[in-house]
Amino acid sequence: MKLSNYFMPTLRETPKEAEIVSHRLMLRAGMVRQETSGIYSWLPLGFSVMKKIEQIVREEQNRAGFVEMLMPTIQPADLWKASGRYDDYGKEMLRISDRHDREMLYGPTNEEMITDICKMGIRSYRDMPVRLYHVQWKFRDEVRPRFGVMRGREFLMKDAYSIDIDKEEARKSYYRQFVAYLRTFERMGLKAIPMAADSGPIGGDMSHEFVVLADTGESAVFCDRELVDMAIPGNDVGYDDDLEKIASEWTSRYAATDEKHDEEKFAAEVPEERRVTARGIEVGHIFYFGTKYSASMGATVQNSSGESVALEMGSYGIGVSRLVAGIIEASHDEAGIIWPASVAPFDIGLINLKAGDQETDEACNSLYQQLENAGVETLYDDTDERAGGKFKNMDLIGLPWQLIVGPRGLKAGEVEIKNRASGERETLSPDAAINMLTAKN
RNA sequence: CGGGGCAUGGCGCAGUCUGGUAGCGCACCUGGUUUGGGACCAGGGGGUCGCAAGUUCGAAUCUUGCUGCCCCGACCA
(Lines give C-alpha, C1' and ligand atoms only; values in the text may rest on other atoms or scores of the structure.)
Protein backbone atom coordinates (compact mmCIF):
# COMPACT_ATOMS: atom_id res chain seq x y z
CA MET A 1 0.00 0.00 0.00
CA LYS A 2 1.31 3.37 -0.93
CA LEU A 3 0.76 5.88 1.81
CA SER A 4 -0.27 8.48 -0.76
CA ASN A 5 -3.18 6.22 -1.59
CA TYR A 6 -4.04 5.32 2.00
CA PHE A 7 -6.01 7.12 4.67
CA MET A 8 -4.09 7.48 7.88
CA PRO A 9 -4.70 10.83 9.56
CA THR A 10 -1.99 10.86 12.20
CA LEU A 11 -1.91 13.55 14.83
CA ARG A 12 1.08 15.23 16.29
CA GLU A 13 -0.75 16.24 19.41
CA THR A 14 -2.96 14.08 21.54
CA PRO A 15 -6.64 14.96 21.67
CA LYS A 16 -7.36 15.96 25.23
CA GLU A 17 -10.05 13.36 25.89
CA ALA A 18 -7.55 10.53 25.74
CA GLU A 19 -6.06 9.49 29.04
CA ILE A 20 -4.65 6.03 28.75
CA VAL A 21 -1.77 5.21 26.44
CA SER A 22 -3.63 2.93 24.04
CA HIS A 23 -6.37 5.49 23.51
CA ARG A 24 -3.84 8.25 22.92
CA LEU A 25 -1.85 6.17 20.47
CA MET A 26 -4.89 4.91 18.61
CA LEU A 27 -6.09 8.46 18.07
CA ARG A 28 -2.64 9.75 17.16
CA ALA A 29 -2.01 6.90 14.75
CA GLY A 30 -5.31 7.56 13.01
CA MET A 31 -6.72 4.13 13.89
CA VAL A 32 -10.07 5.21 15.25
CA ARG A 33 -12.25 8.23 15.57
CA GLN A 34 -14.77 8.70 18.31
CA GLU A 35 -18.28 9.36 17.07
CA THR A 36 -19.92 9.71 20.45
CA SER A 37 -19.21 8.40 23.91
CA GLY A 38 -18.09 4.80 23.64
CA ILE A 39 -18.72 4.49 19.91
CA TYR A 40 -15.97 4.58 17.32
CA SER A 41 -15.34 4.54 13.63
CA TRP A 42 -12.52 2.23 12.70
CA LEU A 43 -10.22 3.92 10.22
CA PRO A 44 -8.17 1.74 7.85
CA LEU A 45 -5.18 1.22 10.12
CA GLY A 46 -7.26 0.27 13.14
CA PHE A 47 -9.63 -1.82 11.09
CA SER A 48 -6.73 -3.73 9.65
CA VAL A 49 -5.40 -4.66 13.10
CA MET A 50 -8.85 -5.66 14.29
CA LYS A 51 -9.24 -7.94 11.29
CA LYS A 52 -5.91 -9.61 12.02
CA ILE A 53 -6.95 -10.24 15.59
CA GLU A 54 -10.31 -11.54 14.48
CA GLN A 55 -8.64 -13.93 12.07
CA ILE A 56 -6.40 -15.40 14.75
CA VAL A 57 -9.41 -15.86 16.99
CA ARG A 58 -11.27 -17.52 14.13
CA GLU A 59 -8.46 -19.91 13.30
CA GLU A 60 -8.11 -21.03 16.89
CA GLN A 61 -11.85 -21.43 17.34
CA ASN A 62 -11.99 -23.58 14.24
CA ARG A 63 -9.04 -25.60 15.43
CA ALA A 64 -10.81 -26.23 18.72
CA GLY A 65 -13.75 -27.71 16.86
CA PHE A 66 -16.13 -24.77 17.00
CA VAL A 67 -18.12 -23.81 13.93
CA GLU A 68 -18.59 -20.24 12.77
CA MET A 69 -22.00 -18.72 12.18
CA LEU A 70 -23.50 -15.26 12.45
CA MET A 71 -26.36 -13.99 14.56
CA PRO A 72 -27.86 -10.52 14.12
CA THR A 73 -27.13 -7.43 16.16
CA ILE A 74 -30.81 -6.64 16.60
CA GLN A 75 -32.88 -9.13 18.54
CA PRO A 76 -36.57 -9.38 19.41
CA ALA A 77 -37.37 -8.67 23.06
CA ASP A 78 -39.49 -11.80 23.29
CA LEU A 79 -36.45 -14.05 23.52
CA TRP A 80 -35.21 -12.11 26.50
CA LYS A 81 -38.57 -12.08 28.16
CA ALA A 82 -38.59 -15.86 27.92
CA SER A 83 -35.31 -16.15 29.81
CA GLY A 84 -36.25 -13.47 32.29
CA ARG A 85 -33.27 -11.31 31.42
CA TYR A 86 -35.28 -8.61 29.69
CA ASP A 87 -36.04 -7.10 33.06
CA ASP A 88 -32.84 -8.16 34.78
CA TYR A 89 -30.50 -6.56 32.27
CA GLY A 90 -31.66 -3.08 33.11
CA LYS A 91 -30.41 0.08 31.53
CA GLU A 92 -27.34 -1.52 30.06
CA MET A 93 -29.54 -2.90 27.34
CA LEU A 94 -30.27 -0.62 24.44
CA ARG A 95 -33.96 -1.03 23.73
CA ILE A 96 -35.44 -0.04 20.41
CA SER A 97 -38.83 -0.33 18.84
CA ASP A 98 -39.45 -0.88 15.18
CA ARG A 99 -42.11 0.82 13.03
CA HIS A 100 -44.75 -1.57 14.28
CA ASP A 101 -43.86 -0.69 17.86
CA ARG A 102 -42.46 -4.14 18.41
CA GLU A 103 -39.90 -4.25 21.17
CA MET A 104 -36.39 -4.93 19.94
CA LEU A 105 -32.94 -4.58 21.40
CA TYR A 106 -29.35 -4.28 20.25
CA GLY A 107 -27.87 -7.49 21.55
CA PRO A 108 -25.41 -7.31 24.44
CA THR A 109 -24.84 -11.06 24.10
CA ASN A 110 -26.51 -14.02 22.44
CA GLU A 111 -27.30 -16.78 24.95
CA GLU A 112 -31.04 -16.53 24.43
CA MET A 113 -30.76 -16.55 20.69
CA ILE A 114 -28.39 -19.48 20.51
CA THR A 115 -30.60 -21.39 22.92
CA ASP A 116 -33.58 -20.72 20.72
CA ILE A 117 -31.68 -21.85 17.66
CA CYS A 118 -30.59 -25.04 19.35
CA LYS A 119 -34.10 -25.69 20.56
CA MET A 120 -35.08 -25.89 16.93
CA GLY A 121 -31.95 -27.58 15.62
CA ILE A 122 -31.15 -30.25 18.19
CA ARG A 123 -33.62 -33.11 18.18
CA SER A 124 -31.65 -35.86 19.85
CA TYR A 125 -28.67 -36.36 22.11
CA ARG A 126 -27.09 -37.85 19.01
CA ASP A 127 -26.91 -34.34 17.52
CA MET A 128 -24.59 -33.23 20.28
CA PRO A 129 -22.23 -31.77 21.03
CA VAL A 130 -22.99 -28.57 19.19
CA ARG A 131 -20.22 -25.99 19.32
CA LEU A 132 -20.80 -22.68 17.63
CA TYR A 133 -19.34 -19.20 17.63
CA HIS A 134 -19.70 -15.93 15.88
CA VAL A 135 -17.90 -12.62 15.77
CA GLN A 136 -20.40 -9.82 15.98
CA TRP A 137 -20.86 -6.30 17.25
CA LYS A 138 -22.45 -5.98 20.65
CA PHE A 139 -23.86 -3.03 22.47
CA ARG A 140 -23.89 -2.48 26.19
CA ASP A 141 -25.00 0.91 27.32
CA GLU A 142 -22.30 1.30 29.95
CA VAL A 143 -22.95 3.90 32.59
CA ARG A 144 -19.56 5.28 31.97
CA PRO A 145 -17.69 4.35 28.82
CA ARG A 146 -14.00 5.18 29.01
CA PHE A 147 -10.49 4.39 27.90
CA GLY A 148 -11.31 4.50 24.20
CA VAL A 149 -12.21 1.17 22.68
CA MET A 150 -11.09 -0.56 25.85
CA ARG A 151 -14.45 0.07 27.42
CA GLY A 152 -16.69 1.24 24.66
CA ARG A 153 -20.41 0.74 24.45
CA GLU A 154 -20.28 -0.80 21.00
CA PHE A 155 -17.64 -3.50 20.73
CA LEU A 156 -16.72 -6.45 18.57
CA MET A 157 -16.80 -9.73 20.41
CA LYS A 158 -16.27 -13.34 19.63
CA ASP A 159 -18.79 -15.34 21.56
CA ALA A 160 -18.88 -19.09 21.42
CA TYR A 161 -21.50 -21.45 22.81
CA SER A 162 -21.26 -25.09 23.64
CA ILE A 163 -24.26 -27.34 23.98
CA ASP A 164 -23.82 -30.76 25.52
CA ILE A 165 -25.96 -33.54 26.90
CA ASP A 166 -24.52 -33.58 30.40
CA LYS A 167 -22.08 -31.83 32.65
CA GLU A 168 -19.18 -34.15 31.89
CA GLU A 169 -19.49 -33.45 28.20
CA ALA A 170 -19.88 -29.76 28.91
CA ARG A 171 -16.62 -29.88 30.83
CA LYS A 172 -14.84 -31.17 27.74
CA SER A 173 -16.21 -28.32 25.67
CA TYR A 174 -15.09 -25.90 28.36
CA TYR A 175 -11.52 -27.17 28.28
CA ARG A 176 -11.45 -26.88 24.52
CA GLN A 177 -12.04 -23.18 24.88
CA PHE A 178 -9.62 -22.96 27.77
CA VAL A 179 -6.83 -24.33 25.63
CA ALA A 180 -7.93 -22.37 22.55
CA TYR A 181 -7.69 -19.17 24.59
CA LEU A 182 -4.17 -19.92 25.73
CA ARG A 183 -3.17 -20.36 22.12
CA THR A 184 -5.12 -17.41 20.79
CA PHE A 185 -3.55 -14.82 23.07
CA GLU A 186 -0.11 -16.32 22.70
CA ARG A 187 -0.36 -15.89 18.95
CA MET A 188 -1.05 -12.21 19.46
CA GLY A 189 2.15 -11.80 21.37
CA LEU A 190 0.34 -11.49 24.68
CA LYS A 191 0.94 -13.08 28.02
CA ALA A 192 -2.53 -14.06 29.17
CA ILE A 193 -3.18 -15.76 32.48
CA PRO A 194 -6.42 -17.60 33.23
CA MET A 195 -7.80 -16.58 36.57
CA ALA A 196 -10.67 -18.02 38.53
CA ALA A 197 -13.73 -15.83 38.14
CA ASP A 198 -17.14 -15.60 39.67
CA SER A 199 -18.67 -18.85 38.63
CA GLY A 200 -22.10 -17.72 37.62
CA PRO A 201 -25.31 -19.37 38.74
CA ILE A 202 -23.97 -22.91 38.70
CA GLY A 203 -20.92 -22.53 40.88
CA GLY A 204 -17.99 -24.85 40.70
CA ASP A 205 -14.70 -24.36 38.99
CA MET A 206 -15.76 -23.65 35.45
CA SER A 207 -15.38 -19.94 35.02
CA HIS A 208 -12.17 -18.17 34.12
CA GLU A 209 -11.16 -14.73 33.09
CA PHE A 210 -8.17 -14.43 30.81
CA VAL A 211 -6.12 -11.48 31.85
CA VAL A 212 -3.38 -9.96 29.73
CA LEU A 213 -0.40 -8.66 31.63
CA ALA A 214 0.39 -5.05 30.80
CA ASP A 215 2.11 -2.44 32.92
CA THR A 216 -0.67 0.01 32.30
CA GLY A 217 -3.46 -2.51 32.87
CA GLU A 218 -6.63 -1.41 34.57
CA SER A 219 -6.53 -3.72 37.55
CA ALA A 220 -4.01 -5.36 39.81
CA VAL A 221 -3.44 -9.08 39.39
CA PHE A 222 -1.52 -11.59 41.45
CA CYS A 223 -0.11 -14.90 40.32
CA ASP A 224 2.54 -17.56 40.52
CA ARG A 225 5.53 -16.79 38.30
CA GLU A 226 5.37 -20.30 36.93
CA LEU A 227 2.21 -19.30 35.11
CA VAL A 228 3.99 -16.48 33.37
CA ASP A 229 6.64 -18.80 32.03
CA MET A 230 4.47 -21.82 31.36
CA ALA A 231 4.54 -23.34 27.89
CA ILE A 232 1.50 -22.85 25.69
CA PRO A 233 0.03 -25.92 23.97
CA GLY A 234 1.26 -26.21 20.38
CA ASN A 235 -0.88 -26.22 17.27
CA ASP A 236 -0.75 -30.00 17.35
CA VAL A 237 -2.69 -30.13 20.58
CA GLY A 238 -5.29 -32.88 20.39
CA TYR A 239 -8.63 -31.26 21.03
CA ASP A 240 -10.34 -34.61 21.00
CA ASP A 241 -8.05 -35.85 23.77
CA ASP A 242 -8.53 -35.22 27.44
CA LEU A 243 -7.55 -31.60 27.91
CA GLU A 244 -8.15 -31.55 31.62
CA LYS A 245 -4.48 -32.26 32.35
CA ILE A 246 -3.42 -29.15 30.45
CA ALA A 247 -6.05 -27.02 32.08
CA SER A 248 -5.22 -28.20 35.57
CA GLU A 249 -1.58 -27.27 35.05
CA TRP A 250 -2.85 -23.72 34.92
CA THR A 251 -5.72 -23.80 37.34
CA SER A 252 -3.76 -25.51 40.08
CA ARG A 253 -1.50 -22.48 40.52
CA TYR A 254 -2.46 -19.29 42.25
CA ALA A 255 -3.79 -16.51 40.03
CA ALA A 256 -6.32 -13.87 41.01
CA THR A 257 -7.57 -10.48 40.03
CA ASP A 258 -7.83 -7.66 42.50
CA GLU A 259 -11.34 -8.51 43.67
CA LYS A 260 -10.69 -12.17 44.28
CA HIS A 261 -7.19 -11.81 45.67
CA ASP A 262 -6.53 -13.41 49.03
CA GLU A 263 -3.20 -12.28 50.39
CA GLU A 264 -2.95 -15.05 52.97
CA LYS A 265 -3.69 -17.72 50.45
CA PHE A 266 -1.21 -16.15 48.04
CA ALA A 267 1.51 -16.23 50.69
CA ALA A 268 0.67 -19.77 51.71
CA GLU A 269 0.56 -21.27 48.24
CA VAL A 270 3.29 -19.39 46.41
CA PRO A 271 6.93 -19.13 47.52
CA GLU A 272 7.90 -15.51 47.90
CA GLU A 273 10.28 -15.45 44.95
CA ARG A 274 7.54 -16.66 42.66
CA ARG A 275 4.89 -14.17 43.72
CA VAL A 276 4.08 -11.86 40.86
CA THR A 277 2.13 -8.68 41.37
CA ALA A 278 1.28 -7.04 38.09
CA ARG A 279 -1.37 -5.11 36.21
CA GLY A 280 -3.75 -6.71 33.80
CA ILE A 281 -6.57 -6.31 31.32
CA GLU A 282 -9.37 -8.79 31.00
CA VAL A 283 -9.65 -9.87 27.39
CA GLY A 284 -11.60 -13.09 27.62
CA HIS A 285 -14.07 -14.86 29.82
CA ILE A 286 -15.24 -18.44 29.64
CA PHE A 287 -17.92 -20.01 31.72
CA TYR A 288 -20.22 -22.91 32.09
CA PHE A 289 -23.76 -21.98 32.99
CA GLY A 290 -25.49 -25.33 32.70
CA THR A 291 -29.21 -25.20 32.11
CA LYS A 292 -29.81 -21.59 33.05
CA TYR A 293 -31.28 -20.63 29.68
CA SER A 294 -32.26 -24.00 28.32
CA ALA A 295 -34.45 -24.70 31.33
CA SER A 296 -36.25 -21.37 31.29
CA MET A 297 -36.65 -21.44 27.54
CA GLY A 298 -37.68 -25.06 27.26
CA ALA A 299 -34.69 -26.23 25.24
CA THR A 300 -34.69 -29.90 26.05
CA VAL A 301 -33.67 -33.09 24.35
CA GLN A 302 -34.04 -36.77 25.11
CA ASN A 303 -30.96 -38.51 26.43
CA SER A 304 -30.03 -42.13 25.71
CA SER A 305 -32.31 -43.29 28.50
CA GLY A 306 -35.26 -41.55 26.94
CA GLU A 307 -35.46 -38.87 29.63
CA SER A 308 -36.09 -35.29 28.62
CA VAL A 309 -33.22 -33.13 29.86
CA ALA A 310 -32.32 -29.46 29.47
CA LEU A 311 -29.28 -28.62 27.37
CA GLU A 312 -26.00 -28.14 29.23
CA MET A 313 -24.42 -24.97 27.99
CA GLY A 314 -21.38 -22.75 28.28
CA SER A 315 -20.38 -19.49 26.69
CA TYR A 316 -16.99 -18.10 25.85
CA GLY A 317 -16.22 -14.50 25.00
CA ILE A 318 -13.22 -12.66 23.64
CA GLY A 319 -13.25 -8.89 23.30
CA VAL A 320 -11.88 -8.48 19.81
CA SER A 321 -12.03 -4.70 19.57
CA ARG A 322 -10.80 -4.39 23.14
CA LEU A 323 -7.78 -6.50 22.24
CA VAL A 324 -6.62 -3.86 19.78
CA ALA A 325 -6.18 -1.52 22.73
CA GLY A 326 -5.01 -4.28 25.04
CA ILE A 327 -2.16 -5.20 22.74
CA ILE A 328 -1.05 -1.58 22.60
CA GLU A 329 -1.11 -1.36 26.38
CA ALA A 330 1.14 -4.39 26.48
CA SER A 331 3.41 -3.29 23.66
CA HIS A 332 4.45 0.33 23.18
CA ASP A 333 7.17 2.83 24.04
CA GLU A 334 7.54 6.62 24.16
CA ALA A 335 7.64 6.83 20.37
CA GLY A 336 4.47 4.87 19.77
CA ILE A 337 3.00 1.46 19.17
CA ILE A 338 5.07 -1.69 18.75
CA TRP A 339 2.89 -4.26 16.98
CA PRO A 340 3.58 -7.94 17.45
CA ALA A 341 4.17 -9.23 13.92
CA SER A 342 1.05 -11.39 13.92
CA VAL A 343 -1.35 -8.47 14.28
CA ALA A 344 0.61 -5.65 12.65
CA PRO A 345 -1.42 -3.80 10.02
CA PHE A 346 1.56 -4.11 7.67
CA ASP A 347 4.71 -6.17 7.96
CA ILE A 348 7.06 -3.47 6.78
CA GLY A 349 7.16 0.28 6.47
CA LEU A 350 9.19 1.38 3.47
CA ILE A 351 10.45 4.92 3.87
CA ASN A 352 11.45 6.95 0.85
CA LEU A 353 13.61 9.66 2.34
CA LYS A 354 13.55 11.80 -0.76
CA ALA A 355 10.44 11.34 -2.80
CA GLY A 356 10.92 13.03 -6.14
CA ASP A 357 14.56 12.04 -6.45
CA GLN A 358 14.66 9.76 -9.43
CA GLU A 359 17.18 7.29 -8.18
CA THR A 360 15.51 7.00 -4.78
CA ASP A 361 12.04 6.67 -6.28
CA GLU A 362 13.21 3.92 -8.59
CA ALA A 363 14.94 2.03 -5.83
CA CYS A 364 11.88 2.31 -3.59
CA ASN A 365 9.49 1.24 -6.30
CA SER A 366 11.62 -1.78 -7.03
CA LEU A 367 11.85 -2.75 -3.37
CA TYR A 368 8.14 -2.19 -2.91
CA GLN A 369 7.30 -4.43 -5.86
CA GLN A 370 9.62 -7.16 -4.70
CA LEU A 371 8.12 -7.13 -1.22
CA GLU A 372 4.56 -7.14 -2.48
CA ASN A 373 5.37 -9.94 -4.92
CA ALA A 374 6.79 -11.94 -2.05
CA GLY A 375 3.53 -11.48 -0.16
CA VAL A 376 5.03 -9.15 2.39
CA GLU A 377 2.52 -6.49 3.33
CA THR A 378 4.25 -3.18 2.91
CA LEU A 379 3.23 0.35 3.69
CA TYR A 380 5.30 2.49 1.35
CA ASP A 381 5.66 6.08 2.47
CA ASP A 382 6.00 7.68 -0.94
CA THR A 383 4.84 11.11 0.21
CA ASP A 384 6.98 14.21 -0.03
CA GLU A 385 6.93 14.71 3.70
CA ARG A 386 10.28 15.46 5.29
CA ALA A 387 12.43 12.61 6.53
CA GLY A 388 11.99 13.47 10.19
CA GLY A 389 8.24 13.38 9.95
CA LYS A 390 8.31 10.05 8.18
CA PHE A 391 10.45 8.52 10.87
CA LYS A 392 8.21 9.82 13.62
CA ASN A 393 5.08 8.59 11.90
CA MET A 394 6.49 5.18 11.17
CA ASP A 395 7.60 4.75 14.77
CA LEU A 396 4.17 5.90 15.92
CA ILE A 397 2.24 3.34 13.90
CA GLY A 398 4.63 0.65 15.04
CA LEU A 399 5.14 -1.65 12.06
CA PRO A 400 7.64 -4.38 13.01
CA TRP A 401 10.24 -3.43 10.41
CA GLN A 402 11.26 -0.28 8.64
CA LEU A 403 13.13 -0.26 5.37
CA ILE A 404 14.79 3.10 5.00
CA VAL A 405 15.96 4.25 1.59
CA GLY A 406 17.64 7.53 0.77
CA PRO A 407 19.98 8.99 -1.84
CA ARG A 408 22.94 9.03 0.51
CA GLY A 409 22.79 5.32 1.20
CA LEU A 410 21.99 4.42 -2.36
CA LYS A 411 25.20 6.10 -3.54
CA ALA A 412 27.03 3.53 -1.45
CA GLY A 413 24.67 0.78 -2.65
CA GLU A 414 23.05 0.55 0.74
CA VAL A 415 19.68 0.73 2.45
CA GLU A 416 18.85 0.47 6.10
CA ILE A 417 16.61 -1.88 8.06
CA LYS A 418 15.28 -0.96 11.45
CA ASN A 419 13.59 -3.22 13.92
CA ARG A 420 10.89 -1.24 15.64
CA ALA A 421 10.86 -3.24 18.85
CA SER A 422 14.60 -3.30 19.54
CA GLY A 423 15.50 -0.14 17.68
CA GLU A 424 18.40 -1.98 16.07
CA ARG A 425 19.43 -0.83 12.64
CA GLU A 426 21.39 -2.61 10.00
CA THR A 427 22.88 -1.28 6.82
CA LEU A 428 22.97 -3.64 3.89
CA SER A 429 22.47 -3.92 0.15
CA PRO A 430 18.93 -3.70 -1.26
CA ASP A 431 19.06 -7.34 -2.30
CA ALA A 432 20.21 -8.46 1.10
CA ALA A 433 17.46 -6.37 2.68
CA ILE A 434 14.82 -8.05 0.54
CA ASN A 435 16.19 -11.45 1.38
CA MET A 436 16.14 -10.71 5.05
CA LEU A 437 12.68 -9.19 5.12
CA THR A 438 11.05 -11.83 2.97
CA ALA A 439 12.65 -14.57 5.06
CA LYS A 440 11.11 -13.11 8.19
CA ASN A 441 7.61 -13.06 6.83
C1' C B 1 -26.03 7.40 39.01
C1' G B 2 -23.13 10.56 42.85
C1' G B 3 -18.76 14.06 42.74
C1' G B 4 -15.52 17.29 39.69
C1' G B 5 -14.20 19.65 35.04
C1' C B 6 -14.46 21.19 29.98
C1' A B 7 -16.98 23.08 25.28
C1' U B 8 -13.41 29.10 20.82
C1' G B 9 -10.93 26.64 12.77
C1' G B 10 -8.75 19.62 11.68
C1' C B 11 -5.57 19.11 16.68
C1' G B 12 -3.66 21.70 21.18
C1' C B 13 -4.73 26.29 23.56
C1' A B 14 -5.25 31.97 24.97
C1' G B 15 -9.10 35.52 25.29
C1' U B 16 -14.26 35.16 29.72
C1' C B 17 -12.93 37.77 36.03
C1' U B 18 -13.17 43.73 34.07
C1' G B 19 -18.81 43.24 27.45
C1' G B 20 -16.65 46.87 22.10
C1' U B 21 -17.42 42.15 16.94
C1' A B 22 -11.75 36.70 17.71
C1' G B 23 -6.15 35.35 18.44
C1' C B 24 -1.63 31.92 19.01
C1' G B 25 1.09 27.15 17.97
C1' C B 26 0.64 22.84 14.96
C1' A B 27 -1.76 21.13 10.54
C1' C B 28 -3.48 22.98 5.50
C1' C B 29 -2.75 26.04 0.50
C1' U B 30 0.95 29.22 -2.77
C1' G B 31 6.05 30.73 -3.82
C1' G B 32 11.13 30.41 -2.47
C1' U B 33 15.30 28.40 0.30
C1' U B 34 15.97 23.62 2.40
C1' U B 35 16.07 18.19 2.98
C1' G B 36 18.96 11.18 6.94
C1' G B 37 14.88 11.87 13.30
C1' G B 38 8.63 16.40 13.36
C1' A B 39 13.15 22.96 8.87
C1' C B 40 13.08 28.38 7.57
C1' C B 41 11.19 32.94 5.11
C1' A B 42 7.13 35.40 2.76
C1' G B 43 2.10 35.28 1.47
C1' G B 44 -2.83 32.88 2.10
C1' G B 45 -7.56 30.05 3.27
C1' G B 46 -10.55 28.31 7.13
C1' G B 47 -14.28 29.66 13.14
C1' U B 48 -22.97 30.88 13.36
C1' C B 49 -16.94 31.09 19.96
C1' G B 50 -21.86 23.72 21.82
C1' C B 51 -27.48 25.11 21.49
C1' A B 52 -31.63 28.33 22.98
C1' A B 53 -33.69 32.29 25.32
C1' G B 54 -32.60 36.80 28.10
C1' U B 55 -29.87 41.55 29.75
C1' U B 56 -27.46 45.48 26.76
C1' C B 57 -26.59 50.49 21.90
C1' G B 58 -23.31 46.19 21.66
C1' A B 59 -22.26 39.30 24.25
C1' A B 60 -17.00 34.23 23.16
C1' U B 61 -17.33 37.36 27.70
C1' C B 62 -23.04 38.70 32.01
C1' U B 63 -27.99 35.69 33.42
C1' U B 64 -31.16 31.36 32.90
C1' G B 65 -32.23 26.77 30.73
C1' C B 66 -30.61 22.77 27.75
C1' U B 67 -27.05 19.50 25.17
C1' G B 68 -22.47 17.05 24.43
C1' C B 69 -17.78 15.32 26.08
C1' C B 70 -13.89 14.07 29.74
C1' C B 71 -12.03 12.64 34.68
C1' C B 72 -12.80 10.13 39.89
C1' G B 73 -16.16 6.56 42.22
C1' A B 74 -19.96 2.32 41.92
C1' C B 75 -20.47 -1.45 37.40
C1' C B 76 -18.62 -4.24 33.28
C1' A B 77 -15.70 -8.05 27.51
Side-chain angles (χ1 to χ4, degrees), chain A residues 9-20 23-24 27-28 30 33-39 53 57 89-93 107-110 135-160 181 185 192 197-198 207-212 218-219 257-259 280-287 315-326 334-336 351-357 360 381 383-396 402 404-412 414-416 418 423 425 427:
Chain A
T10 57
L11 302 172
R12 199 159 162 175
E13 287 172 281
T14 305
K16 64 175 175 183
E17 73 264 20
E19 280 294 315
I20 63 164
H23 192 195
R24 286 205 296 262
L27 290 171
R28 283 197 54 212
R33 176 190 151 86
Q34 178 169 321
E35 298 299 345
T36 183
S37 182
I39 299 181
I53 292 170
V57 169
Y89 224 93
K91 289 193 158 184
E92 291 224 334
M93 179 181 280
T109 177
N110 289 70
V135 181
Q136 179 62 289
W137 291 93
K138 304 288 190 292
F139 195 94
R140 292 183 193 169
D141 200 355
E142 296 280 344
V143 196
R144 189 184 159 213
R146 61 182 121 170
F147 305 149
V149 301
M150 187 80 85
R151 191 173 305 166
R153 294 193 288 175
E154 186 183 56
F155 56 98
L156 188 64
M157 176 170 155
K158 180 283 302 182
D159 42 323
Y181 275 38
F185 298 126
D198 277 327
S207 178
H208 289 89
E209 288 179 359
F210 283 73
V211 177
V212 160
E218 54 189 343
S219 55
T257 55
D258 219 351
E259 314 85 67
I281 300 163
E282 185 187 348
V283 291
H285 197 165
I286 60 177
F287 60 100
S315 73
Y316 316 91
I318 290 180
V320 174
S321 50
R322 161 178 266 205
L323 270 167
V324 179
E334 322 74 51
I351 299 179
N352 181 334
L353 287 176
K354 192 165 186 181
D357 175 78
T360 311
D381 189 344
T383 65
D384 56 8
E385 170 98 38
R386 300 170 59 79
K390 292 189 176 188
F391 286 128
K392 293 286 185 191
N393 252 340
M394 208 53 94
D395 284 347
L396 172 63
Q402 294 171 15
I404 301 160
V405 181
R408 207 152 83 195
L410 286 174
K411 281 202 174 53
E414 290 170 342
V415 297
E416 194 175 16
K418 175 181 164 183
R425 297 148 169 273
T427 301

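Nothing here was measured: the structure is a model prediction, and the numbers come from that model. Each chain gets a letter, A, B and so on, in the order its sequence line appears, and its residues count up from 1.
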Is the phosphate of B/G36 approached by A/Arg386 (side-chain N or O, under 4.0 Å from OP1 or OP2)? no
Using atom C1' in both nucleotides, what's the gap between B/A7 and B/G15 to the nearest angstrom? 15 Å
Under 4.0 angstrom between A/Arg12 side-chain N/O and B/A27 OP1 or OP2: yes
Which nucleotide in the set B/G36, B/C75, B/G38 lies at the smallest distance from any side-chain heavy atom of A/Asn393? B/G38
I'd like the P distance from B/G9 over to B/A14, given in whole Å. 12 Å
A/Arg151 and A/Arg322: CA distance, side-chain angles, deciding distance, side-chain contact (heavy atoms from CB on, under 4.5 Å) verdict: CA-CA 7 Å; A/Arg151 191 173 305 166; A/Arg322 161 178 266 205; 4.3 Å; yes
Please state whether the phosphate of B/C70, meaning OP1 or OP2, lies under 4.0 angstrom from any side-chain nitrogen or oxygen of A/Arg151. no
Is the distance from OP1 or OP2 of B/C70 to the nearest side-chain N or O of A/Gln34 less than 4.0 Å? yes
For A/Thr14, which contact category applies under a 4.0 Å heavy-atom criterion: base, sugar-phosphate, or nothing? sugar-phosphate
5'-most by nearest nucleotide on RNA chain B - A/Gly389 or A/Leu156: A/Gly389
Report yes or no: is there a donor-acceptor pair, N or O only, under 3.5 Å between the side chain of A/Arg144 and the base of B/G4? no
Looking only at atom C1', what distance separates B/A22 and B/C49, rounded to whole Å? 8 Å
Does B/G38 have A/Phe391 stacked on its base, where the ring centres are within less than 5.5 Å and the planes differ by under 30°? no
OP1 or OP2 of B/C70 versus the side-chain N and O atoms of A/Ser37: is any pair under 4.0 Å? yes
A/Val283 and its side chain to side chain contact (heavy atoms under 4.5 Å, CB included) partner, picked from A/Ile318, A/Val211, A/Leu323: A/Leu323
From CD of A/Glu385 over to P of B/G38, roughly how many Å is that when rounded to an integer? 11 Å
Heavy-atom pair with the smallest gap, counting every atom of A/His285 and A/Ser207: NE2-OG, 3.3 Å
Measure from the side-chain heavy atoms of A/His285 and tell me the nearest of B/A77, B/G38, B/C71. B/A77
Counting side-chain heavy atoms from C-beta on, which of B/G12, B/G68, B/G36 comes nearest to A/Thr36? B/G68
A/Lys392 side-chain proximity, nearest of B/A74, B/G68, B/G38: B/G38
Any A/Thr109 side-chain N or O less than 4.0 Å from OP1/OP2 of B/A77: no
Does A/Lys91 put a side-chain nitrogen or oxygen below 4.0 Å from OP1 or OP2 of B/C1? yes
In whole Å, what is the span from the CD atom of A/Glu414 to the C1' atom of B/G36? 13 Å
A/Glu416, A/Glu385, A/Met394 screened by side chain to side chain contact (heavy atoms under 4.5 Å, CB included) with A/Ile351, the one that passes: A/Met394
Using a heavy-atom cut-off of under 4.0 Å over every strand shown, decide if A/Asp159 touches base, sugar-phosphate, or nothing. nothing
